[in-house]
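Computed from a prediction, not measured in an experiment: that's the story for all the values here. Residues: numbered from 1 along the sequence shown.
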Amino acid sequence: MANLIDGKRISKEIKDELKEKVAKYKEEGTTISLAVIQVGNDPASSVYVGNKKKACEYIGIRSLSYELEENTSQEELLKLIAQLNEDASVNGILVQLPLPRQIDEKKVINAIDPKKDVDGFHPSSVGALVIGEKGYVSCTPAGIIQLLKRSNISIEGKECVVIGRSNIVGKPMSLLLLRENGTVTMAHSKTKNLKEVCKRADILIVAIGKPRFITSDYVKEGATVIDVGIHRNEENKLCGDVDFDDVSKIAGAITPVPGGVGPMTIAMLMNNCVESYLINQK
Ligand code: NAD
């Protein structure tokens, strides 16, 4: 049976480290503030926003909440972002996605000051990642690197296969593995012989968005399998892109869903917020 990679425990460890840092900043008279903007009241977004605020509270980050009506115009949202960009007391700005149809997501992402881009979605944050410069990194892939490192799974020289090439998971994930000296293959919906490609992997990262798609015949014996997917199954229980019961018989280490990658995303958002204080100071 595979070793379980415990995202809940590791995310708590990171949040506790951040809590200590934030307490020190407070002693020096500084409070870190995160502005969280939600447009409309999509129930899933409300849960995510609620969890982010709770994490801020736990660590000691001040969260400023902006709950805008579903029919808010793009201009109104851009105006609020411009105000928050100018406001020196705000360190990080987060706009919960997806946005209602009348608002162009790209314009909104581009409007956030890169210094306050704690989600790491701004083109200049992505560019910094590509050329190996410092900058905010998208929280889910950054969390996966922490999961591997803190579970003593080395990346250097390993065959890493990432399935999925989205801007928020697959692409930054591949770049981060490369930065850690992995040998990286990016697989996607047009990849031929996916099973054979996946079977080469020492580390297999799955971000496809299809429930229990990856079974044991995609996995090399002893490989590390990281499951990014989140779905509800027929019994309304959470499951991932990986068939956990099947794959855990052959993998060396595996993340569960829930309790694997999910908690790490918020922990890394908090990490970016703490870093935002230092970045804004410079
Ligand atoms: P996406 O839909 O934007 O991208 C899916 C990718 O999978 C695409 O690049 C596509 O090429 C690839 N793909 C689709 N079908 C495939 C197939 N049959 N074979 C090979 N590749 C295929 O998804 P995303 O935003 O990257 O999210 C992926 C999953 O991760 C979703 O289930 C999402 O809910 C979840 N997610 C979880 C977290 C978290 O914090 N745990 C964060 C973001 C996303």
Okay, side chain of Ser138, backbone of Ile168: is any donor-acceptor separation there less than 3.5 Å?
yes

Worked check of side-chain contact (heavy atoms from CB on, under 4.5 Å) between Asp241 and Arg212:
CA-CA 4 Å; Asp241 288 349; Arg212 285 173 297 186; over 6 Å; no

What do the steps show when you test Val206 against Val228 for side-chain contact (heavy atoms from CB on, under 4.5 Å), and what is the final call?
CA-CA 6 Å; Val206 189; Val228 186; 6.0 Å; no

Thr265-Thr140 side chain donor-acceptor pair, cut-off 3.5 Å:
yes

Are Lys52 and Leu94 close enough that some pair of their side-chain heavy atoms sits under 4.5 Å apart?
yes

Write down the atom of Ile81, the atom of Ile93, and the distance for their closest heavy-atom approach.
O-CD1, 4.3 Å

What closest approach, in Å, do Val242 and Asp227 show between heavy atoms, and which atom pair accounts for it?
N-OD2, 3.1 Å

Determine yes or no for a side-chain-to-main-chain donor-acceptor pair under 3.5 angstrom, with Ser216 supplying the side chain and Asp246 the backbone.
no

Judged by atom type as modelled, is there a donor-acceptor pair below 3.5 Å linking the side chain of Asn85 to the main-chain atoms of Ala111?
yes

Does any N or O in the side chain of Ser73 come within less than 3.5 Å of the main-chain N or O of Glu76, such that one atom is a donor and the other an acceptor?
yes

Determine, step by step, whether Gln38 and Ser46 satisfy the side chain to side chain donor-acceptor pair (under 3.5 Å) criterion, reporting the C-alpha distance in whole Å, the side-chain angles of both residues, the deciding distance to 0.1 Å, and the verdict.
CA-CA 8 Å; Gln38 184 181 357; Ser46 300; 3.1 Å; yes

Answer yes or no: is there a donor N or O on one side and an acceptor on the other, between the side chain of Glu57 and the main chain of Arg62, under 3.5 Å?
no

Residue pair Lys237 / Asn233, side-chain donor-acceptor N/O under 3.5 Å
no

Any donor-acceptor N or O pair under 3.5 Å, side chains Thr183, Lys158:
no

Phe121 pairs by side chain to side chain contact (heavy atoms under 4.5 Å, CB included) with which of Leu97, Ile112, Val108, Val126?
Leu97

Determine whether Val39 and Leu77 make a side-chain contact, defined as any pair of heavy atoms from C-beta on separated by less than 4.5 Å.
yes

Side-chain touch Asp243/Ile214, heavy atoms, less than 4.5 angstrom
no

I'd like to check Thr224 versus Ile254 (side-chain heavy atoms, cut-off strictly below 4.5 Å). Are they in contact?
no

Rounded at 0.5 Å granularity, tell me how far CD1 in Ile163 sits from NZ in Lys210.
11.0 Å

Using distance alone, with no hydrogens and no angle criterion, decide if Glu69 and Thr72 have a side-chain donor and acceptor under 3.5 Å apart.
no

Test side-chain contact (heavy atoms from CB on, under 4.5 Å) on Glu159 and Ile203 and set out the steps.
CA-CA 6 Å; Glu159 287 284 344; Ile203 299 173; over 6 Å; no

Decide if atom OH of Tyr66 counts as having more than 12 heavy atoms of other residues, nucleotides or ligands within a radius under 6.0 Å.
yes

Take Arg165 and Met173, measure what side-chain contact (heavy atoms from CB on, under 4.5 Å) needs, and give me the verdict at the end.
CA-CA 9 Å; Arg165 55 177 163 184; Met173 187 72 250; over 6 Å; no

Side chain to side chain contact (heavy atoms under 4.5 Å, CB included), paired with Cys160, selected from Leu204, Leu148, Ile155
Ile155

When every non-hydrogen atom of Gly260 is compared with those of Thr255, the smallest separation belongs to CA-CB, 4.1 Å

Worked verdict on Asp217 versus Lys195 for salt bridge (Lys or Arg N to Asp or Glu O under 4.0 Å):
CA-CA 7 Å; Asp217 43 347; Lys195 275 187 191 169; 3.1 Å; yes

For a 4.5 angstrom cut-off between non-hydrogen side-chain atoms, does Glu17 reach Lys21?
no

Without hydrogens or angle criteria, can the side chains of Asp117 and Ser125 be said to hold a donor-acceptor pair below 3.5 Å?
yes

Under 3.5 Å donor-acceptor, Asn181 side chain and Gly157 backbone:
no

Distance-only polar pair, side chains of His122 and Asp113, donor-acceptor under 3.5 Å:
no

Within the 4.5 Å heavy-atom criterion, are Phe244 and Cys239 side-chain neighbours or not?
no

Note, Lys107 side chain near Gln74 side chain (heavy atom, < 4.5 Å):
yes

Who passes side chain to side chain donor-acceptor pair (under 3.5 Å) against Lys116, sequence neighbours left out?
none

Ser33 versus Asn91, closest heavy-atom pair with distance:
N-OD1, 2.7 Å

Do Tyr136 and Val118 come within less than 4.5 Å of each other through their side chains, counting heavy atoms only?
yes

Under-4.0 Å salt bridge between Glu275 and Lys115
no

Quick check: closest heavy atoms across Ser89 and Asp87, and the distance to 0.1 Å?
OG-OD1, 2.7 Å

Shortest non-hydrogen contact from Val137 to Ala142?
CG1-CB, 4.0 Å

Any carboxylate oxygen within less than 4.0 angstrom of a Lys/Arg side-chain nitrogen, looking at Arg200 and Glu196?
no

With no hydrogens and no angle check, do the side chains of Asp16 and Tyr58 hold a donor and an acceptor under 3.5 Å apart?
yes

So does Gly60 get a backbone contact from the side chain of Lys26, meaning a donor-acceptor N/O pair under 3.5 Å?
yes

